[in-house]
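It should be emphasised that the depicted structure is a prediction, and the values quoted were computed from it without experimental measurement. Computation of the quantities below employed the complete heavy-atom set of this structure, encompassing side-chain atoms and omitting hydrogens, waters and symmetry-equivalent molecules.
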Amino acid sequence: MISKELIHTKVITTFHKKSFNTPLIGITGGKGGVGKTTAAVNIAFAIAAKGYRVAIVDADVDAPNAAILTSLALNEPEQVYSMIPEFIETKCTRCGKCVKACRRNALFMPSDSLPVLIGDCNGCETCMLVCPDNAIQKGSRPVGCTYKTQSGSITLYTGELYEGAEESAFVVSALQARLAKHADDFDIIIVDTAPGTHCNVISALRGVDAAYAVTEPTPLGAHDLESILKLLNLFEIKSSIILNRSDLPGSESKIRTLVSEFKSDIPASIPMHESVEKSYAEGRPVVIMFPDSEPAKIFFTLSDSIIREYIR
């Protein structure tokens, strides 16, 4: 019998594998609205300002906004498709096994026709596996799109899930596959994940060399920071914390406790500043619009440390 420890080791080893050599840095967070994407784009642009080739991957495909915060157009669209079942009339015996096997209850068997797709199919292909007559073939439908935009030393990869679609995992996977084709063209890759600890966040963090969890010193910020640090610890990802809006009154002591508990650190503590608000409103990184501001200097210092540790 294979031990749990061996299984865990194999899972972690597989999780940390990647098909390219370029350093991959994750920017993540347990909750939305704390400045995660702001941190990601400013780190990326600060590194690019030193002459390095940087890819930004906006993996928050349900609500992508890196293009907005950088005023970059969405170029080179590529459709993302999800599998849906198509029933072959000459083979289907209407046994109903596909309907029973569908965990999403997306199939319905009318009294006088072939099974009908009535719900949200996630493309798991279980219906095809259980069909005894090979009466189901793969169909497809568009569920999203990926984009690639280059501007100077910055290349932005963005994924977008279409409204009404639920198959965001397909878009994240397509985005990662598109990046992987050209990943070695860059000196470093910055991945901006969705907020939370769900499957798409885990997928976006696969292969990262380190992750920076963005939070704020509020009770909710501390609560959700603990969740994301637990996730990073589970997958043995090196973690650091970016404390945004650090001068908010609240729960910085709790943040510091978590730093100690998870053996992490806070390499960047960014106070509220009008330069960040103005750059946010203009859709330009603060390191470009106000390079001499206090927040920009902090991002430059953080980026210098990332360059020293990960870019060779």
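- At a threshold of 4.5 Å between non-hydrogen side-chain atoms, the residues Pro285 and Phe299 do not count as touching.
- Rounding to the nearest 0.5 angstrom, the gap separating the CD1 atom in Ile25 from the CD1 atom in Ile47 is 7.5 Å.
- Between Lys138 and Met128, the shortest heavy-atom contact is CG-SD, 3.6 Å.
- To the nearest 0.5 Å, atom CD1 of residue Ile188 and atom CD1 of residue Ile311 are 4.0 Å apart.
- Within the 3.5 Å criterion, the main-chain N or O of Ser113 finds a donor-acceptor partner in the side chain of Arg94.
- Distance check: Ser153 OG to Gln150 CD gives 8.5 Å after rounding to the nearest 0.5 Å.
- No more than 12 heavy atoms of other residues, nucleotides or ligands sit less than 6.0 Å from atom OH of Tyr280.
- Between Thr158 and Leu156, the shortest heavy-atom contact is OG1-CG, 3.4 Å.
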Between Ile228 and Lys31, does the side chain to side chain contact (heavy atoms under 4.5 Å, CB included) criterion hold? Intermediate values first, please.
CA-CA 9 Å; Ile228 193 66; Lys31 68 182 292 291; over 6 Å; no
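- Contact check for Leu107 versus Pro85: side-chain heavy atoms found under the 4.5 Å cut-off.
- Residues Tyr162 and Arg141 have side chains not in contact (no heavy-atom distance under 4.5 Å, counting atoms from C-beta outward).
- Looking only at side-chain heavy atoms (C-beta outward), Ile12 and Phe235 come within less than 4.5 Å of each other.
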Might you work through the side chain to side chain contact (heavy atoms under 4.5 Å, CB included) test for Ile88 and Asp133, ending with a clear yes or no?
CA-CA 10 Å; Ile88 304 171; Asp133 303 301; over 6 Å; no
Verdict with supporting geometry, Asp60 and Thr37, side chain to side chain contact (heavy atoms under 4.5 Å, CB included):
CA-CA 9 Å; Asp60 186 0; Thr37 303; 5.8 Å; no
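- Ile43 and Ser303 get closest at one heavy-atom pair: O-OG, 3.4 Å.
- Listed by chain and number, the hydrophobic cluster partners of Val116 are Phe108, Ile118, where partners are ILVMFWY side chains within reach of under 4.5 Å, directly or through others.
- Here the side chains of Asn233 and Lys230 are not in contact, with every heavy-atom distance at 4.5 Å or above.
- Taking every heavy atom of both residues into account, Pro295 and His273 meet most closely at CG-CB, 3.5 Å.
- Pairing each heavy atom of Ser264 with each of Ser240, the nearest pair is OG-CA, 3.4 Å.
- A side chain to side chain contact (heavy atoms under 4.5 Å, CB included) with Asn42 holds for exactly one of Ile288, Leu302, Val286; it is Val286.
- Val61 and Leu74 are members of different hydrophobic clusters when ILVMFWY side chains are connected at heavy-atom separations under 4.5 Å.
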Taking only distance into account, with no hydrogens and no angle test, what donor-acceptor pairs under 3.5 Å do side-chain atoms of residues 202-209 form with protein atoms, sequence neighbours excluded?
| residue | atom | partner | partner atom | Å |
| --- | --- | --- | --- | --- |
| Ser203 | OG | Gln176 | OE1 | 3.3 |
| Asp209 | OD2 | Lys18 | NZ | 2.9 |
| Asp209 | OD2 | Leu24 | N | 2.7 |

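- Of all heavy-atom pairs spanning Pro110 and Pro115, the tightest one is CD-CA, 4.3 Å.
- With hydrogens and angles ignored, the 3.5 Å screen pairs a side-chain donor or acceptor of Asn122 with a backbone N or O of Cys124.
- A single hydrophobic cluster is seen to contain both Phe45 and Ile306, as judged by linkage of ILVMFWY side chains at heavy-atom distances under 4.5 Å, directly or through other members.
- The environment of His223 atom NE2 is sparse: at most 12 non-hydrogen atoms of other residues, nucleotides or ligands sit within 6.0 angstrom.
- A heavy-atom distance below 4.5 Å is not found between the side chains of Val34 and Asn244.
- Leu234 and Tyr212 are not part of a single hydrophobic cluster, where members link through side-chain heavy atoms under 4.5 Å apart.
- Separating the OG atom in Ser246 from the CD1 atom in Ile270 is a distance of 7.5 Å, to the nearest 0.5 Å.
- Distance alone, capped at 3.5 Å, is enough to place a donor-acceptor pair between the Ser279 side chain and the Val276 backbone.
- Looking at heavy atoms from C-beta onward, Thr28 lies out of side-chain contact with Leu231 at the 4.5 angstrom threshold.
- The existence of a salt bridge linking Lys148 and Glu78 is excluded, since no basic side-chain nitrogen approaches an acidic carboxylate oxygen closer than 4.0 Å.
- Listed for the Asp192 side chain is no donor-acceptor partner under 3.5 Å among the backbone atoms of Ala40.
- Hydrophobic cluster membership differs between Ile266 and Ile242, with clusters built from Ile, Leu, Val, Met, Phe, Trp and Tyr side chains linked at under 4.5 angstrom.
- Within the 4.5 Å cutoff, the side chain of Cys131 has no heavy atoms near those of the Lys91 side chain.
- A distance of 8.0 Å separates CD1 in Ile154 from CG in Leu72, rounded to the nearest 0.5 Å.
- With hydrophobic clusters built from ILVMFWY side chains whose heavy atoms lie under 4.5 angstrom apart, Phe186 does not share a cluster with Tyr52.
- In terms of modelled atom types and a separation under 3.5 Å, the side chain of Thr149 and the main chain of Asn75 share a donor-acceptor contact.
- The distance from the CD1 atom of Ile27 to the NZ atom of Lys36 is 9.0 Å, given to the nearest 0.5 Å.
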Could you please spell out the steps behind the side chain to side chain contact (heavy atoms under 4.5 Å, CB included) verdict for Lys254 and Glu226?
CA-CA 10 Å; Lys254 175 61 175 175; Glu226 183 174 10; 4.2 Å; yes
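- No donor-acceptor pair under 3.5 Å is formed between the side chain of Ser239 and the backbone N or O of Leu229.
- Checked by atom type and distance alone, the side chain of Asp187 pairs as donor or acceptor with a backbone atom of Arg53 at under 3.5 Å.
- Distance alone, capped at 3.5 Å, places no donor-acceptor pair between the Asp184 side chain and the Phe20 backbone.
- Side chain of Thr215 to main chain of Gly221: a donor-acceptor pair is present (N/O by atom type, distance under 3.5 Å, no hydrogens or angles).
- In this structure a side-chain-to-backbone donor-acceptor pair under 3.5 Å is present from Thr257 to Ser253.
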